[in-house]
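See below for the structure under consideration.
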Amino acid sequence: MKAKDYLFLLSILFAFSCSQRQSSEPIIIDETNQVESIEQSIVIDSVWSGHPVEFSLYTHKDKQYVAYFNADRQMVVGQRKLDDDSFELNVFEPTSRETANGTSTVLEWDSHNFLTLGVDKDGHIHLSGNVHNNPLTYFRSTAPNNISSFEQIFEMV
């Protein structure tokens, strides 16, 4: 991860946080006391803060993607070009474990869950998460770099 991506991730984490950072103190990013500061902060959305859940930030070529659970605990994927100041968001339709072969796009009461995403060489976006003690919850875009074209994949073999 490049330092620029690391700082952007920190910026997103601060924006997601319930309590905003009030100090203008620099951030120490490692034990060598190298000091960096946040260059840009982009507020993306509000999130539910009942318990911690890891989100995902991924930069691929000239695009940046984020995956998280919003304030309604629904799975969301966002996308932006690196020179844009806002994210396009795709909120997944809520599914429950009873109706979606044991998978769910809604965060329940389990802070062990997380979301992770990546982009393959053809530009298809892969998203997985919310799988603690449950079957694989996995989505893949049907069109390259298109966050509104996700389809759920139930089997990997």
Side-chain angles (χ1 to χ4, degrees), residues 1-17 20-21 26-30 32 34-49 51-95 100-101 103-107 110-132 134-157:
M1 183 181 292
K2 298 177 188 170
K4 179 174 82 171
D5 294 339
Y6 185 80
L7 292 175
F8 187 82
L9 175 59
L10 287 175
S11 173
I12 286 176
L13 292 176
F14 283 125
F16 281 146
S17 174
Q20 300 252 339
R21 186 171 184 263
I27 298 168
I28 298 178
I29 60 171
D30 62 27
T32 64
Q34 178 184 1
V35 176
E36 297 287 335
S37 62
I38 296 174
E39 294 179 20
Q40 179 184 22
S41 178
I42 298 174
V43 176
I44 298 170
D45 199 352
S46 296
V47 300
W48 184 71
S49 62
H51 60 267
V53 176
E54 292 185 35
F55 302 137
S56 182
L57 176 71
Y58 186 77
T59 303
H60 179 73
K61 298 183 180 178
D62 68 335
K63 292 191 175 35
Q64 196 159 49
Y65 302 89
V66 63
Y68 62 95
F69 292 101
N70 67 12
D72 295 322
R73 302 191 314 195
Q74 290 176 264
M75 192 180 294
V76 179
V77 171
Q79 172 184 3
R80 77 177 184 112
K81 290 185 177 176
L82 288 176
D83 57 357
D84 288 346
D85 288 336
S86 64
F87 280 81
E88 170 192 350
L89 301 178
N90 176 31
V91 180
F92 285 70
E93 290 294 320
T95 61
N101 294 336
T103 68
S104 177
T105 58
V106 178
L107 178 65
D110 187 350
S111 62
H112 292 99
N113 285 318
F114 65 93
L115 291 172
T116 188
L117 57 81
V119 179
D120 66 26
K121 64 182 172 77
D122 297 322
H124 293 273
I125 308 161
H126 301 260
L127 171 69
S128 182
N130 202 16
V131 296
H132 184 241
N134 294 289
L136 178 67
T137 301
Y138 171 65
F139 294 86
R140 181 177 56 225
S141 66
T142 58
N145 303 303
N146 186 332
I147 63 169
S148 63
S149 72
F150 279 104
E151 70 176 355
Q152 188 167 7
I153 310 295
F154 291 102
E155 296 179 357
M156 296 296 289
V157 292

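- When every heavy atom of G78 is checked against every heavy atom of L89, the shortest pair comes out as CA-CD2, 3.7 Å.
- Smallest separation of non-hydrogen atoms from S148 and N146: OG-OD1, 2.7 Å.
- When the ring pair (Phe, Tyr, Trp, His ring centres under 6.0 Å) test is applied to F92, the partners found at least two apart in sequence or on another chain are F139, F150.
- In terms of heavy atoms, L115 sits closest to A67 at CD1-C, 3.8 Å.
- Distance check: L57 CG to Y68 OH gives 12.5 Å after rounding to the nearest 0.5 Å.
- In this structure the side chain of V119 reaches within 4.5 angstrom of the side chain of Y58, judged on heavy atoms.
- Atom OH of Y138 sits about 13.0 Å away from atom CZ of F154, to the nearest 0.5 Å.
- With hydrogens and angles disregarded, no donor-acceptor distance shorter than 3.5 Å links the side chain of D45 to the backbone of N70.
- The side chain to side chain donor-acceptor pair (under 3.5 Å) test with Q64 singles out one residue from R80, K81, Q79, and that residue is R80.
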Original post:
Could you go step by step and tell me if N90 and V76 meet the side-chain contact (heavy atoms from CB on, under 4.5 Å) rule?
Top reply: CA-CA 6 Å; N90 176 31; V76 179; 5.9 Å; no
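- Taken to the nearest 0.5 Å, the CD1 atom of I125 stands 12.0 Å off from the CZ atom of R140.
- With contacts defined as side-chain heavy-atom distances shorter than 4.5 Å, the pair K63/N145 qualifies.
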Original post:
Do E88 and I147 pass the side-chain contact (heavy atoms from CB on, under 4.5 Å) test, and can you show the C-alpha distance, the side-chain angles, and the key distance before you say yes or no?
Top reply: CA-CA 9 Å; E88 170 192 350; I147 63 169; 4.0 Å; yes
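- To the nearest 0.5 Å, the span separating OG1 on T137 from CD1 on I153 amounts to 12.5 Å.
- Within the model, atoms OG1 of T116 and CG of L127 stand 8.0 Å from one another, a figure rounded to the nearest 0.5 Å.
- Across all non-hydrogen atoms, the minimal contact from A143 to S149 is N-OG, 3.1 Å.
- Rounding to the nearest 0.5 Å places CE of M75 at 12.5 Å from CD of E93.
- For the residue pair T142 and H124, the shortest heavy atom distance occurs at O-CE1, 3.3 Å.
- The closest side-chain donor-acceptor pair between Y65 and H60, if any, does not fall under 3.5 angstrom.
- In this structure, a donor-acceptor pair under 3.5 Å is absent between the side chains of D84 and S86.
- D85 and I42 make their closest contact through O-CG2, 3.4 Å (heavy atoms, listed as atom of the first residue, atom of the second, distance).
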